[in-house]
*Asks:* 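Before we start, here is the structure in question, set down as structure tokens.
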Amino acid sequence: MITLIINIKELLQVRETSISKVSGAEMAILPTIKNAFLVIKDNLITDFGSMNNLPKINADKTIDATGKMVLPSWCDSHTHIVYAGNREQEFVDRINGLTYEEIANRGGGILNSAKKLNESTEEEIYDQSKARLEEIMRLGTGAVEIKSGYGLTVDGELKMLRVIQRLAQNYSITIKATFLGAHAFPLEYKENHQGYIDVIINKMLPEIAKNKLADFIDVFCETGYFTVPETEQIMEAGIRFGLKPKIHVNQFNSIGGIQAGIKHYALSVDHLEVMTTEDINALKNTETMPVALPSCSYFLSIPYTPAREMIAAGLPLALATDYNPGSTPSGNMNFVVATACIKMKMTPEEAINAATINGASAMGILETHGSVTIGKKANLIITKPIPSYYQLPYAFGSNLIDAVLIEGEIFE
């Protein structure tokens, strides 16, 4: 099956060869071709270029993209979309003055979601989660990382990871699974942290490894959650079981989690709303991708990741949604890109780089995703007719997507 897209107003994120990430000043550079074509064979990009150089192609399907932009689909490297129910009451509680920490301390937050998940059947959780997955695919996401972490029991965590595995089997979108058993301490282990860590290491991890249920291991390293030594203990156990670390750090406090992640070669460190000069300097010249979650800052009214300082220091930056029931009940990467421009003062070029190439880097899928490169998957967004790609963050409340291609097929 050969699909030809012609008369593309501007083809974005074109890279002749795959690169590992975009950092510092390079983030402001977005390579494009105006008046372009693109060829898809089966599910891969096989050719692209200027319409002036369009070769003769016997295409099975031709898409006329006159006036439209084409770009790689979003790579959302941080989500929690497998969950049960919602936490809309907590949303109202925050409006009425309670903080995220106060809600958590009275049994809300992650523990609330854990209670609902453990009371729900695997089928119920799957049905709710697939609806969220289909929604984000229609919004342009072509690769997604999904975490466990709302089970906090052996059965609950395994149930979540099986749902993620089933979604990956049933949908063409690329899905990476992360084990986040260390999301919070269950009430029965509130005074016995090591007891719960032993459950994670001795009961959860062997089952996850045996059944190949996860790619990564994550820990919520934060005041009131997991300390740096606890985080390191869990990361080291995950590594022994073949899982690469990706960790939650610096959401409310800087306590050394970034340095612990770097020490253990974490693929990414995520959140980063609170960053010190030491944190920024520690990330220089490492293979760890910093990931910002601007719609979490928006929803919780907490600080935004200091993108300008980080980019000025030469760092790369990725953007992700943090889609979850408590702090970011949205998987809209278009809104994330717009919010990064509006609130974090990233340029459209920087934000698009952060949501495509660097997002793919934060998921370990750069060989197949994140840019328009020959041999990569044909996971693409075709916009509606727009004046320029600046319209994507500028018209932040509008749906500017005409079609989404996943594995070369239009997702309906």
*Asks:* With sequence neighbours excluded, what pairs up with Thr153 under the side chain to side chain donor-acceptor pair (under 3.5 Å) test?
*Replies:*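 Thr153: side chain to side chain donor-acceptor pair (under 3.5 Å) contacts with Asn118.
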
*Asks:* Which residue is it: Ile8, Ile33, Ile63? I am looking for the one with a side-chain contact (heavy atoms from CB on, under 4.5 Å) to Leu38.
*Replies:*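 Only one option passes, and that is Ile8.
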
*Asks:* In chain order, what residues pass the side chain to side chain donor-acceptor pair (under 3.5 Å) check against Gln128, with sequence neighbours excluded?
*Replies:*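 Here the qualifying residues are Arg132.
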
*Asks:* For residues 28-47, which residue pairs qualify under side-chain hydrogen bond (donor to acceptor under 3.5 Å, both in side chains), counting only residues two or more places apart or in two chains?
*Replies:*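 Qualifying pairs: Glu10-Thr32, Asn43-Glu407.
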
*Asks:* For Tyr196 versus Ala184, what's the shortest heavy-atom pair and its separation?
*Replies:*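 Scanning both residues completely, I find the closest heavy atoms to be CE2-O, 3.6 Å.
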
*Asks:* Is the number of heavy atoms from other residues, nucleotides or ligands under 6.0 Å of Lys244 NZ greater than 12?
*Replies:*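 Enclosed.
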
*Asks:* Going by the rule ring-ring contact (aromatic ring centres under 6.0 Å, His included), which residues pair with Tyr126 if we only count those two or more places apart in sequence or in a different chain?
*Replies:*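 None.
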
*Asks:* For Ala168, what residues pass the side chain to side chain contact (heavy atoms under 4.5 Å, CB included) criterion, not counting sequence neighbours?
*Replies:*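 Ala168: side chain to side chain contact (heavy atoms under 4.5 Å, CB included) contacts with Ile175.
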
*Asks:* Report the residues that fulfil side chain to side chain contact (heavy atoms under 4.5 Å, CB included) with Leu283, sequence neighbours left out, ordered by chain and then residue number.
*Replies:*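 Checked Leu283 against side chain to side chain contact (heavy atoms under 4.5 Å, CB included); matches are Ile258, Ile262, Val269, Met275, Thr286, Thr288, Pro290, Leu315.
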
*Asks:* My understanding is that only residues two or more places apart in sequence, or in another chain, count here; which of them pass ring-ring contact (aromatic ring centres under 6.0 Å, His included) with Phe335?
*Replies:*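 Here the qualifying residues are Tyr298.
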
*Asks:* Please list all pairs passing the ring pair (Phe, Tyr, Trp, His ring centres under 6.0 Å) test where one or both residues lie in residues 353-405, with sequence neighbours left out.
*Replies:*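 Found none.
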
*Asks:* Can you tell if the side chain of Met235 reaches within under 4.5 Å of the side chain of Thr231, non-hydrogen atoms only?
*Replies:*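 Yes; the side chains approach each other to less than 4.5 Å.
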
*Asks:* Please enumerate all residues that pass side chain to side chain contact (heavy atoms under 4.5 Å, CB included) together with Glu367, with sequence neighbours excluded.
*Replies:*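 Counting only residues at least two positions away or on another chain, Glu367 forms no side chain to side chain contact (heavy atoms under 4.5 Å, CB included).
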
*Asks:* Which pairs, with at least one residue in residues 136-145 and sequence neighbours excluded, count as a side-chain hydrogen bond (donor to acceptor under 3.5 Å, both in side chains)?
*Replies:*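 Passing the test, one end in residues 136-145: Glu145-Lys147, Glu145-Thr178.
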
*Asks:* Identify, with sequence neighbours excluded, every residue that meets side chain to side chain donor-acceptor pair (under 3.5 Å) alongside Asn334.
*Replies:*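 Expected list: Trp74, Asn332.
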
*Asks:* Describe, in one word, how the ring planes of Tyr150 and His183 are oriented to each other, choosing from parallel (under 30°), tilted (30 to 60°) and perpendicular (over 60°).
*Replies:*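 If you compare the ring of Tyr150 with that of His183, the planes turn out tilted.
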
*Asks:* When the aromatic ring centroids of Tyr323 and His80 are compared, is their separation below 6.0 Å?
*Replies:*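 Judged by ring-centre distance (under 6.0 Å), Tyr323 and His80 do not meet the cut-off.
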
*Asks:* For Lys284, enumerate each residue passing the side chain to side chain donor-acceptor pair (under 3.5 Å) test, keeping only those at least two apart in sequence or located in another chain.
*Replies:*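 Lys284 satisfies side chain to side chain donor-acceptor pair (under 3.5 Å) with Asn281 once adjacent residues are dropped.
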
*Asks:* How long is the straight-line distance from CG of Leu161 back to CZ of Phe179, given to the nearest 0.5 Å?
*Replies:*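 One gets 7.0 Å once the value is rounded to the nearest 0.5 Å.
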
